[in-house]
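Note sheet for the following structure.
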Amino acid sequence: MTLQPAPSSLLPDQVSPSREFGDKSTSLGPGNSKPGKMALIRPRQRRKLFTFLLATLVVGLALYLFLHFKQDFQDYLSSRMGGRPGQDSLIKIPELILLSILAYLGVRALSTIIFDFVFRVRRGYEAPTLVRNIFSLVAFTVLFVLIFNRIYSEVNLGALFTTSAIFGVIIGLALQDTLGNFFSGISLHADRPFQVGDVIVVGQQKHTGVVEGITWRAIKIRTFQNHIVLVSNSNAAREAIEVAPRNNLNARLVFFGTLYSDSPAKTIHVVREAVRDADNVSQRITPIVRIRNLGEFSIEWEIKYWLEDYAKYNDTDALVRQRVWYALRRSGLTFAFPTRTIHVERKPVTKASGAAEGITDRLAAVDVFAPLSTEEIQQLADAAIGHVFAPGETLIHAGDEGSSMFVVHNGRVQVQVNEDGGVRPVAVLTEGDFFGEMGLFTGEPRTADVVALDETEVLEILHEAMRRLFETNPSLAESISWTIAERRAALDASSQQAVQVSIEESAGLLASIKRFFGLR
Ligand code: CMP
């Protein structure tokens, strides 16, 4: 073997490429083709030579004995058959068989000399099996016809073949596929797109492996999982075949990513030096390291490198990746992995007010919340959502649906109603005042417009937060119902009228608030 096994440190879980399987293809390189080297020294070939010589000797001896005692055989047969027709033909059969065997052995010897010695020495690679087979078939057929004509000179072989034309057609149809493969095989050899030992990718299933041979029927490749795949010649002739010739510098691409903060120039230098050193990476061409894309979370790189032995590309790719990892680490560069930077925007209330404490104090100062405990105020503050409005912006539109109330945190708002084509101000609310409670607690549409007079920050309290408080503070609903009743009265009264709230009105409101919130 000229090829060393891949270092075990590369990828222990990977099966090594077929160049290392110790099969026929390993012995076919130019390095093994020196005359005399392959030789007769190999035990297997020595055995074959011995068998060949023994067979030739035995058959030659048998033929000699047959010819020597031919007359005796003839006499013996005449005495047994009494001169019946066919007697002459019968005596010639052993001669035909023995001569045919000798012819076969001669063809084998000739084939070995031509293809194992002359062809291999001249061309530097092994002759394709198909060519050898065709040579053997043609040579043997010619010899057989010559022998047959010599022994049975009275038989007309030409006539024999022409009369069997119909039989030939039947055989031809039956052998359609086989013949298709055969001729595709011949055309593959004529084109010589690849040879034994090349790595090819073939067929729709993208079978990848090292070519081990081309037979009458199929291309035989050994995959990198050490499986044998046979792709029929006719299929291969129809498909695109990607060839990585073994005596060619074939390139591979390996990808990796670095952080955007890492210097591209430094990365190129570091990676190139690390890769060019790796086993099986060709020293003849410097590897190329280049940016292939500016990705979502990393600079995406590709390394293009050339291999001395392409059949080991799995191991070499793995080694290259390994080298890149170590090189990046030594140089303080960072291998990128999928990351996403998330910028979280916090609720404006906590940002605007600066501290949650400010909100808690604000809510604690609201008179209707006076019955609440410190923890309940804190819960309310946690649930509050802050909004900022510009002067003149409308916070609430009369008639809208509303499911929350507001506390003025900073600034001022004006409650106003549209009357007789004009606007009637009802109240101005400042820090610590609340509004929107009517819609929230009764479920009725908003009763008035609320407009910011200054830049105003409000704290919004949703239905759910209030409902929890009502459950633990029945007096809260009561005090709110009073406020609502007062405000309703102020809304209904003209600016000159004094506001009066009856106990019945407030009690009625309380009942409807309780109903609306599902309280008992
Ligand atoms: P609501 O009806 O939900 O929406 C408009 C808000 O204006 C209303 O709730 C009250 O909070 C507020 N409002 C209505 N009338 C008055 C008033 N007389 N004084 C103070 N605020 C009021």
Side-chain angles (χ1 to χ4, degrees), residues 359 362-363 365-372 380 383-420 422-454 456-467 469-470 476-506 508-519:
I359 299 168
R362 172 67 63 226
L363 296 176
V366 176
D367 49 9
V368 285
F369 294 147
L372 302 184
L380 206 56
I385 306 165
H387 304 282
V388 181
F389 291 89
E393 261 196 300
T394 303
L395 284 78
I396 282 180
H397 290 276
D400 281 356
E401 292 289 318
S403 57
S404 56
M405 64 177 280
F406 302 85
V407 172
V408 181
H409 194 34
N410 296 300
R412 289 180 312 144
V413 295
Q414 177 168 282
V415 179
Q416 57 192 39
V417 288
N418 295 315
E419 259 179 13
D420 308 326
V423 169
R424 174 166 72 90
V426 177
V428 172
L429 305 175
T430 59
E431 291 161 7
D433 289 333
F434 62 91
F435 61 92
E437 79 292 340
M438 292 178 157
L440 173 64
F441 295 123
T442 61
E444 287 167 13
R446 300 293 193 189
T447 53
D449 285 341
V450 180
V451 181
L453 293 176
D454 308 316
T456 302
E457 190 178 350
V458 293
L459 304 173
E460 184 179 17
I461 297 164
L462 299 174
H463 177 280
E464 179 56 23
M466 287 309 295
R467 200 183 61 78
L469 294 176
F470 282 148
L476 186 62
E478 219 170 294
S479 60
I480 285 177
S481 65
W482 266 107
T483 310
I484 295 174
E486 268 174 13
R487 288 184 171 178
R488 264 195 184 169
L491 278 177
D492 292 339
S494 67
S495 42
Q496 289 82 25
Q497 284 174 323
V499 175
Q500 279 191 347
V501 179
S502 69
I503 293 176
E504 294 79 22
E505 205 177 339
S506 166
L509 261 171
L510 181 61
S512 68
I513 288 173
K514 283 186 170 174
R515 255 199 320 278
F516 186 60
F517 277 81
L519 304 170

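When a ligand or atom number is given, it counts from 1 through the structure's own listing order. Counting begins at 1 with the first residue of the sequence.
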Shortest protein contact, atom 18 (N) of ligand 1 (heavy atom only): V426 CG1, 3.1 Å
Ligand 1-proximal atoms of M405, by part, heavy-atom distance under 4.0 Å: neither
R362 side chain vs N410 backbone, donor-acceptor pair below 3.5 Å: no
Test of proximity, A490 against ligand 1: N or O pairs below 3.5 Å: no
Ligand 1 to L491 polar contact by distance, N or O atoms, under 3.5 Å: no
Nearest neighbour in protein (non-hydrogen) for atom 19 (N) of ligand 1: A427 CB, 3.5 Å
Nearest-0.5 Å distance, CG of residue L509 to CD1 of residue I484: 6.0 Å
Ligand 1 versus T447: contacting region, heavy-atom distance under 4.0 Å: both
Contact list for residues 388-401, test side-chain hydrogen bond (donor to acceptor under 3.5 Å, both in side chains), sequence neighbours left out: none
Side chain to side chain, F434 and L459, heavy atoms closer than 4.5 Å: no
The one among V415, D400, D449 that brings a heavy atom closest to atom 13 (N) of ligand 1: V415
Residue pairs fulfilling salt bridge (Lys or Arg N to Asp or Glu O under 4.0 Å) with at least one residue in residues 409-418, sequence neighbours excluded: R412-D454
Test item: F369 and L380 side chains (from C-beta on) under 4.5 Å apart, heavy atoms: yes
Residue pair M466 / I480, side-chain heavy-atom distance below 4.5 Å: yes
Atom 22 (C) of ligand 1: nearest protein contact (heavy atom, Å): R487 CD, 3.5 Å
Contact with ligand 1 for A448, non-hydrogen, under 4.0 angstrom: yes
